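The model shown is predicted, which means the values in this text are computed figures rather than measured ones. Naming convention: chains lettered A, B, ... in sequence-line order (proteins, then strands); numbering from 1 in each chain.
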There are 2 protein chains.
Amino acid sequence: MRIARIATADGPRSVLADGPDWIEIADPFAGTLRPTGPRHPAATATLLAPARPLVVLGMAHNGAPGDRDRPRQAFLKSPRTVVGPGDSIVVDDDLGQINVECELAVVIRRPCRHLTADQVPDAILGFTVGNDVTAVDQIALDEKLTQAKNGDGFTPLGPWIETDLDSSDVAMSVRINGRTVASASTRQLAWDITEQLVYLTRYLPLGPGDVVLTGAPGTFHPVKPGDLVEVALGGIGSLANPVVSRPRTG
Amino acid sequence: MRIARIATADGPRSVLADGPDWIEIADPFAGTLRPTGPRHPAATATLLAPARPLVVLGMAHNGAPGDRDRPRQAFLKSPRTVVGPGDSIVVDDDLGQINVECELAVVIRRPCRHLTADQVPDAILGFTVGNDVTAVDQIALDEKLTQAKNGDGFTPLGPWIETDLDSSDVAMSVRINGRTVASASTRQLAWDITEQLVYLTRYLPLGPGDVVLTGAPGTFHPVKPGDLVEVALGGIGSLANPVVSRPRTG
């Protein structure tokens, strides 16, 4: 099933794909998704970020050869960085080089803590495409990544959540201005989705709508203002966002 | 003025101190606070965490001699760590040593980005007491602090927000089981509140209810399950939380 959030005249609504339409649902985190009536033609609907997380986590060094020999490590991103399809990635012109990163994003379904491997599937609502935008020159200045990872629009998510997906071998790609510049598969991740969620929930609680960006196995590329970025995952879809500039202000 | 959140039969409500009562208000972030009628005797009200942040930031190394000679640095905490007065700090028994830290917590009033020093006062709703609980043995294992800072109940906030406070010289103290174990003043912070908010909003957006934990100038102390922790700030009040154990589960 596909779950999305769309803009309507009455405000944002959670919806489920049903043929050519999106149909509104009461609660995307319910065990059984209950349509509440109103339908919206998918062709003209405005998609929003499909999740509204309180917690956004990224996995550090999780896609290069040798990463499995290093301790697992994660970082928090501000949920205020989350934007949806078509929204702008805003780059301050004193941040240095900006990279985009195509990642499989896990959306959490229920409160969870100290998950065991067999509890992980029930804790996941589904998967969406995540773009973990990173001001890479800031990493050397701030190893905690606060300066590198939290600009406006630095976590595009979308276009929707796919609930039925085998996360073990998902095709990943980055296109800049229509040209494919990187491609890989989630099988290249050093630590898989289950291992990541067991690790993370050992140290912190997660809850409905929270998002884990699971790592970029080579699926990153520099961008500059004026670029159009498309990050895509097989079995889900493509997420496009423009990069725009904000002049230095202070 | 004092702004709090309390539990009522109709759910959590924002309230303003008025003599012996709390009086409900529509919007704690409005320019003018508008009472909506219902009153609750302060003596019997149940206080909740006074803010519901999307973003919780802590300032790293901001209270020891020499810290001003180091670059400013901040870390994100999960907003799911926020709890209120009387709530438990839950310690997993495999985390190692746990410290509590008494800090002045800034509560943000409005969306803000790239603040200049003169814009800072208008961006602040007020101040509350923050306890930045930290599993200090995890820091050597994970310099990003994700493992150290994000356990259940690891960010007690309260008892309320004081809107009229000179933040430059606030008395700070930590009491464990009734005994004062640390005391200091916010004048010992390496970077003051204004400098911190100018720095932080250069790199990320903040919004209503977000919280900045501004640093612990020696106001930290180890705790263990069974302890009662009270962190207090002059001109605001005291925030008490018990430390409880959760046995190893995996």
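Per-residue counts of heavy-atom pairs under 4.5 Å with chain B were compared for A:Leu57, A:Val56, A:Asn150; the largest is that of A:Asn150. Of all the listed residues (A:Arg80, A:Lys149, A:Lys144), the one sharing the greatest number of non-hydrogen pairs under 4.5 Å with chain B is A:Arg80. With chain A as the partner, the residue from B:Asp142, B:Val55, B:Asp152 showing the most heavy-atom pairs under 4.5 Å is B:Asp152.
Heavy-atom distances place the side chain of A:Arg113, and not its backbone, under 4.5 Å from chain B. A:Lys77 touches chain B through its backbone: at least one of N, CA, C or O sits under 4.5 Å from a heavy atom, while the side chain does not. Within the 4.5 angstrom heavy-atom criterion, no atom of A:Leu115 approaches chain B. Heavy atoms of B:Glu143 lying under 4.5 Å from chain A belong to its backbone as well as its side chain. Proximity to chain A (any heavy atom under 4.5 Å) is shown, for B:Pro205, by both the backbone and the side chain. Of the atoms belonging to A:Leu200, not a single heavy atom falls under 4.5 Å from chain B. Contact annotation for A:Phe154: neither backbone nor side-chain heavy atoms come within less than 4.5 Å of a heavy atom of chain B. For A:Leu145, the part lying near chain B is the side chain, with the backbone staying farther off; criterion is any non-hydrogen pair under 4.5 Å.
The CZ atom of A:Arg5 sits 5.0 Å away from the CG atom of A:Leu48 when rounded to the nearest 0.5 Å. Rounded to the nearest 0.5 angstrom, A:Asp227 CG and A:Ile89 CD1 are separated by 9.5 Å.
The 12-atom threshold is exceeded at CZ of A:Phe75, counting heavy atoms of other residues, nucleotides or ligands nearer than 6.0 Å. The environment of CZ in B:Phe220 is sparse: at most 12 heavy-atom neighbours from other residues, nucleotides or ligands sit within 6.0 Å.
Using a cutoff of 4.0 Å between basic side-chain nitrogens and carboxylate oxygens, B:Arg109 and B:Asp122 are scored as salt-bridged. Classification of A:Asp92 and B:Arg202 as a salt-bridged pair fails, no side-chain N sitting under 4.0 Å from a carboxylate O.
B:Asp137 and B:Gln97 are not linked by any side-chain donor-acceptor pair at a separation below 3.5 angstrom, with hydrogens and angles left out of the test. Under 3.5 Å, the side chains of B:Asp118 and B:Thr116 contain a donor-acceptor pair of N or O atoms.
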